[in-house]
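It should be emphasised that the depicted structure is a prediction, and the values quoted were computed from it without experimental measurement.
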Amino acid sequence: MFRLAASQIANIARSSIGVTSRAGVVRAAHHEIPAEEFDKQYEDYFSRADIDGWEVRKGMNDLLGMDLVPAPKIVDAGLKACRKVNDIALAIRWLEGVKDKCGDKTDEIYPYILNHVRPTLTELGIPTPEELNYDKPELALKSVFDM
């Protein structure tokens with residue numbers, strides 16, 4: 001009984017997190033935060049001097065679990081945090097997660113984000129998943145519908 005009630009409460013809590021794009025306000029856990037303050041909060045989180053790999057992953061997981069696409073400055077701060085902990089695989093995975101969060105608007109939003117993050121990528125020497133050909137399956141068979 002307790003498990004059922006706990007899962008229902010968790011589902012309600014998950015559904016209450018969201019973004020209202022017109023107002024520029026992020027709704028999180030029963031209170032609204034201005035978008036600029038939300039961005040600043042995560043930028044400061046990733047820019048901490050004493051951040052470790054677990055905290056970087058936790059922040060990224062929290063962001064990718066929300067119903068929003070992270071702003072380019074948050075993506076930038078996340079990439080710098082990955083460099084701080086010397087984890088290039090996490091940086092590439094972060095970019096893949098951001099691309100996935102773009103949903104059906106990937107062709108519009110993801111190039112915009114990459115455009116703003118490109119100087120950081122070149123500064124840190126981080127390739128994009130597309131440059132590594134991670135966006136194409138390596139051993140996939142040709143579809144029978146394409147033959």
Side-chain angles (χ1 to χ4, degrees), residues 3 6-143 146:
R3 185 180 302 159
S7 69
Q8 289 177 347
I9 291 171
N11 287 337
I12 292 168
R14 277 191 212 106
S15 66
S16 69
I17 297 173
V19 174
T20 57
S21 59
R22 291 183 189 177
V25 174
V26 177
R27 238 184 347 229
H30 306 296
H31 64 280
E32 294 183 351
I33 304 170
E36 296 81 24
E37 185 179 325
F38 179 82
D39 293 349
K40 181 83 171 112
Q41 181 181 7
Y42 273 96
E43 279 183 273
D44 292 343
Y45 179 82
F46 287 128
S47 300
R48 291 189 350 235
D50 62 339
I51 196 164
D52 63 1
W54 186 88
E55 291 172 325
V56 174
R57 284 176 179 79
K58 168 113 175 66
M60 290 177 176
N61 192 32
D62 290 347
L63 271 169
L64 294 177
M66 295 179 189
D67 188 23
L68 55 85
V69 178
K73 51 187 171 181
I74 296 176
V75 175
D76 200 34
L79 290 170
K80 289 178 181 176
C82 290
R83 184 65 191 142
K84 235 183 258 182
V85 297
N86 203 20
D87 196 345
I88 190 169
L90 181 60
I92 294 167
R93 194 74 181 139
W94 172 233
L95 289 172
E96 287 178 329
V98 169
K99 181 177 182 179
D100 186 53
K101 289 303 290 185
C102 295
D104 60 348
K105 302 276 188 188
T106 302
D107 296 335
E108 300 168 21
I109 300 172
Y110 187 63
Y112 170 79
I113 292 173
L114 277 184
N115 218 11
H116 283 77
V117 176
R118 180 64 62 191
T120 304
L121 291 173
T122 54
E123 174 190 339
L124 301 176
I126 299 172
T128 63
E130 293 78 24
E131 292 170 351
L132 295 171
N133 290 325
Y134 283 176
D135 58 332
K136 300 175 192 77
E138 184 178 352
L139 300 173
L141 296 174
K142 190 174 183 180
S143 173
D146 295 335

Indicate yes or no: at least one non-hydrogen side-chain atom of Val69 is less than 4.5 angstrom from one of Ile113.
yes
Heavy-atom check, side chain of Leu95 versus side chain of Val75, under 4.5 Å:
yes
Contacts of Asp39 meeting side-chain hydrogen bond (donor to acceptor under 3.5 Å, both in side chains) (sequence neighbours excluded), chain-then-number -> none
Which residues pass the ring-ring contact (aromatic ring centres under 6.0 Å, His included) test with Tyr42, not counting sequence neighbours?
Phe38
Which residues satisfy the side-chain hydrogen bond (donor to acceptor under 3.5 Å, both in side chains) test with Glu123, sequence neighbours excluded?
none
Which atom of Pro129 lies closest to which atom of Glu96, heavy atoms considered:
CG-CG, 3.6 Å
Taking distance alone, no hydrogens or angles, what donor-acceptor pairs closer than 3.5 Å link side-chain atoms of residues 99-110 to residues at least two apart or in another chain?
from	atom 1	to	atom 2	distance (Å)
Lys99	NZ	Glu130	OE2	2.9
Lys101	NZ	Leu64	O	3.2
Lys101	NZ	Met66	O	2.7
Thr106	OG1	Gly103	O	2.5
Tyr110	OH	Glu130	OE1	3.3

Check whether any side-chain heavy atom of Leu114 lies under 4.5 Å from a side-chain heavy atom of Leu121, and answer yes or no.
yes
To check you understand the geometry: which heavy-atom pair defines the closest contact between Pro127 and Ile88, and what is its length?
CD-CD1, 4.0 Å
Walk me through it: do Phe46 and Leu63 pass the test side-chain contact (heavy atoms from CB on, under 4.5 Å)?
CA-CA 12 Å; Phe46 287 128; Leu63 271 169; 3.8 Å; yes
Flag, side chain of Tyr45 to backbone of Glu55, donor-acceptor distance under 3.5 Å:
yes
Just jot down the side-chain hydrogen bond (donor to acceptor under 3.5 Å, both in side chains) partners of Gln41, sequence neighbours excluded, or say none.
none
With Lys58, which residues qualify under salt bridge (charged side-chain N to carboxylate O under 4.0 Å, His left out), at least two apart?
Asp62
Contacts of Glu43 meeting salt bridge (charged side-chain N to carboxylate O under 4.0 Å, His left out) (sequence neighbours excluded), chain-then-number -> none
Those residues that, when tested against Tyr112, pass side-chain contact (heavy atoms from CB on, under 4.5 Å) (two or more places apart):
Pro72, His116
Acceptor/donor pairs from residues 79-87 side chains to any protein atom, 3.5 angstrom cut, sequence neighbours excluded:
from	atom 1	to	atom 2	distance (Å)
Arg83	NH1	Asn86	OD1	2.9
Lys84	NZ	Ser47	O	3.2
Lys84	NZ	Arg48	O	3.0
Asp87	OD1	Ala89	N	3.4
Asp87	OD1	Leu90	N	3.2
Asp87	OD2	Arg57	NH2	2.6

When rounded to the nearest 0.5 angstrom, what distance separates CG in Leu132 from CD1 in Ile92?
5.0 Å
Using the test side-chain hydrogen bond (donor to acceptor under 3.5 Å, both in side chains), find all partners of Asp44 that sit at least two apart in sequence or belong to another chain.
Lys40
